[in-house]
Peer 1: 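Please see the structure below; I have some questions.
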There are 2 protein chains.
Amino acid sequence: MEMPKYMTLVTWIKNKIEMGELKYGEKLYSENELGSMFGISRQTVRQAINILVQDKYLESRQGSGTYIIFNASAKREPTMTIGVATTYVGAYIFPQIIRGIENVLTTAGYSMQLTFTHNKVQNESRVLRSMLEKGVDGMIIEPTQSGLPNPNFKIYEEIQRQRIPVLFINSTYPGIKIPHVSMNDRMAGQIAAQHLINAGHKRIAGIFKSDDHQGHLRYAGYLDALLKAGYEIHDENVLWYSTEDIPDLTQFPEIILRRVKDCTALICYNDEIAMQMVDIMKKNGIAVPDDLSLVSFDNSDLAELCEIPLTSVAHPMNVLGKVAAENLLHLIQDHTFKATVDFEPTIVTRKSVRTLA
Amino acid sequence: MEMPKYMTLVTWIKNKIEMGELKYGEKLYSENELGSMFGISRQTVRQAINILVQDKYLESRQGSGTYIIFNASAKREPTMTIGVATTYVGAYIFPQIIRGIENVLTTAGYSMQLTFTHNKVQNESRVLRSMLEKGVDGMIIEPTQSGLPNPNFKIYEEIQRQRIPVLFINSTYPGIKIPHVSMNDRMAGQIAAQHLINAGHKRIAGIFKSDDHQGHLRYAGYLDALLKAGYEIHDENVLWYSTEDIPDLTQFPEIILRRVKDCTALICYNDEIAMQMVDIMKKNGIAVPDDLSLVSFDNSDLAELCEIPLTSVAHPMNVLGKVAAENLLHLIQDHTFKATVDFEPTIVTRKSVRTLA
DNA sequence: TATCAAGAAATGTACGTACAACTTTGTTGA
DNA sequence: TCAACAAAGTTGTACGTACATTTCTTGATA
């Protein structure tokens with residue numbers, strides 16, 4: 001005999017549950033019914049049901065019947081662990097965000113299971129599966145490659161099916177219904193450009209990240225401001241880069257110099273890029289801010305410590321982490337909680353922008 | 001009927017095991033034997049045995065018999081989770097260390113449960129207890145307040161009793177037998193002082209952290225070098241500070257200025273402090289390095305980004321994290337593995353030291 | 001002495017019966 | 001209308017039998 005009769009019944013019932021044909025709380029067929037349905041004895045049916053009760057798929061109530069319970073989610077006892085996955089950690093704004101999250105979680109008695117995706121979708125996939133397997137009470141995820149279509153959406157479906165609360169930070173995947181806590185990046189882009197326009201700049205170049213949704217939004221905001229001011233858009237002044245190119249950006253200064261030609265200002269995707277730009281400009285005899293004004297994003301330590309302190313649109317950083325963690329805890333309590341927050345950006349003025357006459 | 005027959009058999013067997021009358025690996029009576037011993041049918045015996053198999057007391061092997069195995073508590077199954085507790089995360093060298101650890105753990109299929117103690121022993125206590133409760137396969141701990149006697153040693157005893165591998169990073173508690181992976185701080189202190197001595201400096205001040213064992217060691221190395229060179233030690237040139245004072249150090253410049261009086265050089269506990277010193281000196285008309293040479297520790301980003309780039313003794317950072325994680329995984333495999341590593345420090349020369357004529 | 005095969009012994013699967021304990025539901029009676 | 005009761009339905013306990021599958025032992029054979 002290949003598979004014991006009770007085993008075929010086990011898999012049959014499991015399938016029914018996982019396909020959603022038998023839902024949470026519903027009553028299963030009675031032992032006698034199943035017996036006659038499958039042409040097996042009641043004892044054999046009981047054997048199958050016992051296994052599923054052990055695996056927390058079913059629950060038997062004497063005198064009443066056998067009921068379906070969610071195997072992993074609804075009946076799972078809390079692990080008091082929250083899975084957190086950010087793209088990077090090395091430095092920059094990430095440690096601040098993580099600190100914000102950790103503070104809240106620890107205070108609430110949770111612990112944080114932290115992983116980094118290095119902005120690779122395969123890693124995101126692996127991380128999410130691992131969290132599902134370990135059984136976390138909730139997840140805070142910084143989406144990877146959010147500018148591109150997301151291949152992990154099947155996993156997100158499974159997570160939602162298991163009713164595990166998830167919150168995105170910094171970005172989202174367009175078209176996925178998961179709450180997010182981030183800076184309003186479009187408004188941030190708009191503010192950055194507007195700041196330069198107010199300072200009298202008319203021809204403004206931009207460097208944006210192509211594989212992040214954030215990059216797209218900041219670019220959109222940049223366009224908003226230019227269009228509102230009635231200035232022309234020049235495609236040749238916009239440089240898109242993807243994550244893999246970052247280390248090389250300083251290696252090819254001519255590409256950048258070509259973009260900023262005729263421009264009096266440049267908007268950089270983040271402080272890190274802006275700092276590299278300061279370096280490139282210095283080496284090529286372009287003075288910042290006298291010849292070229294710079295505005296960047298995130299207002300990290302780098303903006304302060306840069307040779308020419310950078311005017312930068314402030315990222316909430318540890319406040320964002322704090323709010324994300326708090327909202328996730330709310331979500332765990334109440335699955336209908338509206339957890340999405342868009343932080344209003346503010347700009348911090350330093351010395352990298354020159355006001356034109 | 002008060003208690004079902006199969007239940008009385010369950011408790012009887014459980015008792016036999018817990019009383020030590022049936023030991024690990026031994027064979028239980030056969031189902032038929034138990035049946036006749038208790039005057040019950042084989043089916044009923046099987047019901048009892050099934051329960052004990054589920055509870056990990058017994059293990060049935062077809063054709064052979066039923067055997068006693070360690071019950072759940074003694075035979076804890078791996079959680080594939082490593083608890084990591086560092087003091088801070090906000091920035092500085094910590095993200096690098098954490099990245100190093102995370103990389104190794106993730107590659108090996110483990111996940112990292114990360115917490116921060118903020119260098120408070122109460123937090124360390126809470127964190128360790130939580131890890132014990134959650135059940136981690138190993139721990140990487142950065143000791144808090146390692147300069148002071150450790151009040152958590154009871155917990156460390158319990159951890160060792162449960163044979164959970166632990167590894168300290170960056171520091172240790174003197175007198176506790178737990179392996180550690182850190183920089184050789186005494187040698188680092190010695191190298192820092194020697195570098196200044198070689199540059200012709202004779203009167204060298206120092207700022208050290210009093211509540212870290214690291215601080216004590218770096219101070220000891222500083223003394224080593226001065227004594228070896230035959231220079232006098234001046235207590236009034238050494239400033240000790242504790243963690244709580246850090247934000248205030250720039251608030252009381254006169255305390256620092258008093259210490260560096262008559263000195264041509266200053267050794268700072270870390271880059272963060274050194275950077276504050278640069279600030280204070282600038283505000284008080286003391287030029288670095290012309291009037292005062294500075295050497296610091298850790299060789300973090302700050303050393304590079306500082307107004308006056310700092311000569312600093314290099315901290316291995318992410319290599320340290322990597323090695324710590326690797327050694328902990330070794331320890332999990334083999335509890336006798338010698339996991340202690342002292343990294344040999346090297347000094348990175350920048351512009352904060354002036355060579356005296 | 002070593003090898004192999006048969007048989008004994010153990011657990012695994014499957015069916016059957018009987019009754020106990022409990023829950024649900026519908027009916028009866030005050 | 002409500003409470004008590006009865007009946008039906010469901011799972012829980014317990015016994016029995018039969019045969020399958022696997023492991024271990026033993027004895028015969030080369």
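Computed over heavy atoms, backbone and side chain alike; hydrogens, waters and symmetry mates excluded. Convention: sequence-line order gives letters A, B, ...; per-chain numbering from 1.
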Peer 1: Kindly indicate whether the side chain of Leu329(B), heavy atoms from C-beta on, has any atom under 4.5 Å from the side chain of Leu105(B).
Peer 2: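 They are in contact (side-chain heavy atoms under 4.5 Å apart), so the answer is yes.
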Peer 1: Name the residue from Leu328(B), Thr86(B), Ile98(B), Val166(B) that meets the side-chain contact (heavy atoms from CB on, under 4.5 Å) definition with Ile140(B).
Peer 2: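 Considering Leu328(B), Thr86(B), Ile98(B), Val166(B), a side-chain contact (heavy atoms from CB on, under 4.5 Å) with Ile140(B) is found only for Leu328(B).
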Peer 1: Are Thr66(B) and dT11(C) close enough that a side-chain N or O sits under 4.0 Å from OP1 or OP2?
Peer 2: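 Answer yes for this pair, as a side-chain N or O of Thr66(B) is under 4.0 Å from OP1 or OP2.
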Peer 1: I need the NZ-P distance between Lys5(A) and dA20(D), as an integer number of Å.
Peer 2: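 Distance check: Lys5(A) NZ to dA20(D) P gives 13 Å.
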Peer 1: Does Tyr67(B) have Arg61(B) sitting over its ring (NZ/CZ under 6.0 Å from centre, angle to axis within 45°)?
Peer 2: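 Checked: cation-pi criterion met.
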Peer 1: Could I get the full list of side chain to side chain donor-acceptor pair (under 3.5 Å) partners for Glu124(B), not counting sequence neighbours?
Peer 2: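 So Glu124(B) forms a side chain to side chain donor-acceptor pair (under 3.5 Å) with Thr144(B), Asn150(B), Asn152(B), Tyr156(B), Tyr173(B).
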Peer 1: Tyr6(B) has a side chain; which of dT11(D), dT13(D), dC15(D) sits nearest to it?
Peer 2: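 In terms of side-chain proximity for Tyr6(B), the closest of dT11(D), dT13(D), dC15(D) is dT13(D).
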Peer 1: Should Gln47(B) be listed as having a side-chain N or O under 4.0 Å from OP1 or OP2 of dT13(D)?
Peer 2: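 So the side-chain polar atoms of Gln47(B) do come within 4.0 Å of the phosphate oxygens OP1 or OP2 of dT13(D), strictly under.
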Peer 1: Does Ile49(B) reach a base, just sugar-phosphate, or nothing at all? Heavy atoms under 4.0 Å.
Peer 2: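 Contact class for Ile49(B): none.
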Peer 1: Quick one: does Leu132(B)'s side chain get under 4.5 Å of Leu128(B)'s, heavy atoms only?
Peer 2: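 In short, these two side chains do not touch, never coming nearer than 4.5 Å.
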Peer 1: Nearest to the side chain of Glu31(B), which nucleotide is it out of dC15(D), dT11(C), dC15(C)?
Peer 2: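 In terms of side-chain proximity for Glu31(B), the closest of dC15(D), dT11(C), dC15(C) is dT11(C).
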Peer 1: In whole Å, what is the span from the CG atom of Asn50(A) to the P atom of dG12(C)?
Peer 2: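 After rounding, the reported distance stands at 15 Å.
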Peer 1: For the pair made of CE in Met7(A) and C1' in dG12(C), what is the distance, rounded to whole Å?
Peer 2: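 Distance, rounded to whole Å: 13 Å.
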Peer 1: Can you tell me how far P of dG9(D) sits from CG of Leu28(A), to the nearest Å?
Peer 2: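 The distance from CG of Leu28(A) to P of dG9(D) comes to 18 Å, rounded to the nearest Å.
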Peer 1: Write down the distance between CD (Gln43(B)) and C1' (dA14(C)), rounded to a whole number of angstrom.
Peer 2: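 Atom-to-atom, Gln43(B) to dA14(C), this comes out as 10 Å.
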Peer 1: Just how far, in rounded Å, is C1' of dC15(C) from CZ of Phe38(A)?
Peer 2: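 Atom CZ in Phe38(A) sits about 17 Å away from atom C1' in dC15(C).
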Peer 1: Report yes if some heavy atom in the side chain of Ile82(A) is under 4.5 Å from a heavy atom in the side chain of Ile101(A); otherwise report no.
Peer 2: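 They are not in side-chain contact.
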Peer 1: Given dT13(D), dA20(D), dC22(C), identify the nucleotide with an atom nearest to the side chain of Gln62(B).
Peer 2: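 Taking heavy atoms from C-beta onward, the closest nucleotide is dA20(D).
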Peer 1: Could you list, one pair per line, each protein nitrogen or oxygen that sits under 3.5 Å from a nitrogen or oxygen of nucleotides 24-26 of chain D, together with the distance?
Peer 2:
none

Peer 1: Does a nitrogen or oxygen in the side chain of Arg46(A) sit under 4.0 Å from OP1 or OP2 of dG12(D)?
Peer 2: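 Result: yes.
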Peer 1: Please step through side chain to side chain contact (heavy atoms under 4.5 Å, CB included) for the pair Arg129(B) and Ile155(B), ending with a clear verdict.
Peer 2: CA-CA 7 Å; Arg129(B) 279 178 203 286; Ile155(B) 308 180; 3.8 Å; yes
Peer 1: Hey, which sits more toward the 5' end of DNA chain C by its nearest nucleotide, Arg42(A) or Ser30(B)?
Peer 2: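 It is Ser30(B), whose closest nucleotide lies nearer the 5' terminus.
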Peer 1: Please state how far atom CG in Asn32(A) lies from atom P in dG16(C), giving the value in whole angstrom units.
Peer 2: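 Nearest whole value for this atom pair: 12 Å.
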